[in-house]
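Single-structure report; data block below.
Letters go in sequence order (proteins before strands), and every chain restarts at 1.
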2 protein chains.
Amino acid sequence: MTTPTGDQALIKRINTAIVLEYILRGSPLSRAQISEQSGLNKATVSSLVQDLIDGSLVKEIGTGQSSGGRKPVMLEFIATSGYAIGIDLGVNYIRGVLTDLRGGIVAERTSSLHYPEPEVAVEQLCGCIEELMAEAPASPYGIVGIGVGVPGLVDESGVILFAPNLKWRDVPLQRQLAERFGLPVTIDNEANMGALGEQKYGAGRSINNLIYVSVGIGIGTGLILHKILYKGASGFSGEMGHLSVEAHGKNCTCGNRGCWEMYASEQALLEQASGLGFDSLESLLAAAAAGREDVLELFTGIGEYLGIGIANIVNVFNPDAVVIGNRMSQARPWLESVLRQTVVQRALGFHLRKVQLLFAELGERSSMMGAAEMAIAGFFTRVKSV
Amino acid sequence: MTTPTGDQALIKRINTAIVLEYILRGSPLSRAQISEQSGLNKATVSSLVQDLIDGSLVKEIGTGQSSGGRKPVMLEFIATSGYAIGIDLGVNYIRGVLTDLRGGIVAERTSSLHYPEPEVAVEQLCGCIEELMAEAPASPYGIVGIGVGVPGLVDESGVILFAPNLKWRDVPLQRQLAERFGLPVTIDNEANMGALGEQKYGAGRSINNLIYVSVGIGIGTGLILHKILYKGASGFSGEMGHLSVEAHGKNCTCGNRGCWEMYASEQALLEQASGLGFDSLESLLAAAAAGREDVLELFTGIGEYLGIGIANIVNVFNPDAVVIGNRMSQARPWLESVLRQTVVQRALGFHLRKVQLLFAELGERSSMMGAAEMAIAGFFTRVKSV
DNA sequence: AAAACTTAGTTTATTGAATAGACAAACTAA
DNA sequence: TTAGTTTGTCTATTCAATAAACTAAGTTTT
């Protein structure tokens, strides 16, 4: 066990990260303000800012307002000194985005995935990445990394162990992409990526403890605890779709019984809706918008079960917020009230005081933006440690 | 937002902590070994060890075996340079322990709690603490702190918000004890303390991600994630006793329905057993030991529901281990096989590869030892930051 | 037993990061 | 013009870690 020890480089890393953080968040601001707010000495801030300027991450953008003395030189983060690629690999689509280092969208691509066989799909995915890379303007750091969200279990080394809806097993996607593009690649579950996306750019901005519930064909969850993605012992957790909410309910393919996703997912909705002659979420949304009573009842049922599961989550994690995302979040108008009611009824009062129930703000982009954020975060970790 | 910045003192704290950690874990060992294993320079280790010796935390205990050169001077942690007090405040008992800084038990006290009114009970608790303090040998640091585990919800500032079985509300125990004894006091939920106790001294030694399930009158859980106690947004989480396992099951006093603890706790067992003429866990254990079929069936039922909840926990957290503690752990012989079977059947296969199902090793001492550990950990945090 | 090697721990000079305080630059107010 | 303020840099100092030299105390080889 070789613990990482402390030395002067560590101090500099820490303080550089602090300074950069202030500039990222509060820009435009001056060296004096950073020193004031952070507690670091003026000279220290000056020196670290100079390093950041030398590293093309920060620039001076002229002088600001004087408050009775010399005018401050305002600083700004150079978001365009590098670009990140975020991919959302879905069951029947591939969505990709090129962002600057602040998560600003520069280019976007969506395509249908007709052949989910690993070889074909990975090829299509690489094509998407190449197109996005071609869109990136010239910049000091170029493409800083690639993040990919996938609908399945991913291990620590970026191997997709199991993606039931794609019928993939043991696909070493991280290695494949890293070798092909020679860039840092991060692969993670779609729900984890979505959690990160919403926490950074969406409904859960700057919330420390957040649970993202991705309601699509199945139900996945991404846990951000103490600001960081929680992963279990094996690098994957949050399979809360398979939380049993009916101890002796329907058998699930996972081996358990009464799994949440058998009652509250898109799949569950479609099964119930087939009797009424519907075969897609979109058609049901249209019918609900048109006011069809029987369809509204279906959504009420789904909303109640969503609430049951969320109440469980609230009781277990006592999070600051729960964000509902992925396809089912489109049904917000017909889910929200029954969902809130159920959660209020079932969750412990002490927890309710704090928890917020939110719907994804990024919509279909949650996962993709989270993937880009992973790449950006990886880049920052690397620069800070130089 | 004033972020703690990095300076040389921080480095020294980090490295001192590392050196102390090596001595705590690997003693007896030499300066050279610490340097070798930690990567710190020999001179650095020498200097830090000297500080620790000056601070009465470490001593030299003579020379060790030579491996072809000068004999090493072996170092050892001085566990008796301070003492900690750990208290388990139960519904009808108070248990207390005096330990040295390594968690070695020096003295122990148990008494029945006849009058659970806050004033009386707190007085009795203080008496217990005083008796234990009197048992502590003279030492450089004296009593370094007091930890108390309680059966209820505790907020960040050590106020017992709600302890249903004691009928307490808003008791500021932390403040009361701190004022009375002038010592650092930590109050936390009994399950959190139990988790810590088992993780440090019991079945879960040095396991990073561990869920402790305290099965008593109710069910509480303590979550140790990434080596640290996880607490939710409000400072309390892990109310997994109120995880709903039957969406439309029995109404629980908490407002939810089908809560786990209504099916798998001591309370649930006793309710079912009242028809058979039993009124205590102890009598049921005796009957089970005597082989009474109907009682064995009861335990099988409880074991199954315990397994259902634990499978949920495993699916949600993917922990390294689940430790079952508190009173119900005494029924291990009649619970274990059905419990394992249920968990294997219901938890996702990927998670099962890693998770261990354990029973508490410290028995009734889990919570009390965790409380002592809290006090010790607090002490170390303080010394390291000087 | 002497010489040669090994290992443990200390001493010394150096490096590098942060800092206090002095200072220069550039502004406002009166 | 003068006094006071704010911004940012420069300088000397402090302090922790480190490499390398060194002392101390052993073992192995010849």
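For C:dA18, neither phosphate oxygen OP1 nor OP2 lies less than 4.0 angstrom from any side-chain nitrogen or oxygen of A:Asn41. Residue A:Asn15 has a polar side-chain atom (N or O) positioned under 4.0 Å from OP1 or OP2 of C:dA18. Here A:Arg31 reaches the OP1 or OP2 of D:dT9: one of its side-chain N or O atoms lies under 4.0 Å away.
Across the protein-nucleic acid pair, A:Asp7 atom CG and D:dC15 atom C1' stand 14 Å apart, rounded to whole Å. One interatomic measurement links the two molecules: CG of A:Leu40 to C1' of D:dG8, which rounds to 15 Å at whole-angstrom precision. One can place NZ of A:Lys42 at 19 Å from C1' of C:dA17, the figure rounded to the nearest angstrom. Rounded to an integer number of Å, the gap from A:Arg13 CZ to C:dG16 P is 16 Å. Between the CD1 atom of B:Ile34 and the C1' atom of C:dA8 there is a distance of 13 Å, rounded to whole Å. If you measure from atom CD1 of A:Ile11 to atom C1' of D:dA16, you get 8 Å, rounded to the nearest angstrom. Rounded to a whole Å, the CE atom of B:Met74 is 14 Å from the C1' atom of C:dG9.
In this structure A:Gln33 satisfies the side-chain contact (heavy atoms from CB on, under 4.5 Å) test together with A:Leu29, A:Ser30, A:Gln37, A:Met74, sequence neighbours excluded. Residues meeting the side-chain contact (heavy atoms from CB on, under 4.5 Å) test with A:Ser139, sequence neighbours left out: A:Tyr83. Taking the side-chain contact (heavy atoms from CB on, under 4.5 Å) definition, one finds that A:Glu373 meets it with A:Leu196, A:Lys200, A:Tyr201, A:Ile376, A:Ala377, sequence neighbours left out.
Note on residues 30-45 of chain B: pairs passing salt bridge (charged side-chain N to carboxylate O under 4.0 Å, His left out), not counting sequence neighbours, are B:Arg31-B:Glu60.
Salt bridge status for B:Arg205 with B:Glu361: present, with a side-chain N to carboxylate O gap under 4.0 Å.
The side chain of A:Ala43 approaches C:dA20 more closely than any other nucleotide in the set C:dA20, D:dA17, D:dG8. Proximity note for B:Gln8 (side chain, C-beta onward) versus C:dT19, C:dT11, C:dG16: the nearest is C:dG16. Closest to the side chain of B:Lys12, out of C:dA17, D:dA16, D:dG8, is D:dA16.
For the pair A:Arg70 and B:Gly68, both in contact range of DNA chain C, the more 5′-proximal nearest nucleotide belongs to B:Gly68.
The ring of B:Tyr230 has its center no closer than 6.0 angstrom to the ring center of B:Phe317.
If you check residues 45-67 of chain B against DNA chain C, the residues with a heavy atom closer than 4.0 Å are B:Ser46, B:Ser67, listed by number.
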Side-chain donor-acceptor contacts of residues 45-56 of chain B below 3.5 Å, not counting sequence neighbours, with atom names and distances?
{"residue": "B:Gln50", "atom": "NE2", "partner": "B:Asp54", "partner atom": "OD1", "Å": "3.1"}
{"residue": "B:Asp51", "atom": "OD2", "partner": "B:Lys12", "partner atom": "NZ", "Å": "3.0"}

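Within 4.0 Å (heavy atoms only), A:Lys71 reaches sugar-phosphate atoms of the nucleic acid but no base atom. No engagement by B:Ser35 is indicated, since no non-hydrogen atom pair under 4.0 Å with the nucleic acid exists.
Pair assignment for D:dA20: C:dT11, on the basis of Watson-Crick or G-U wobble contacts that are both within less than 3.5 Å.
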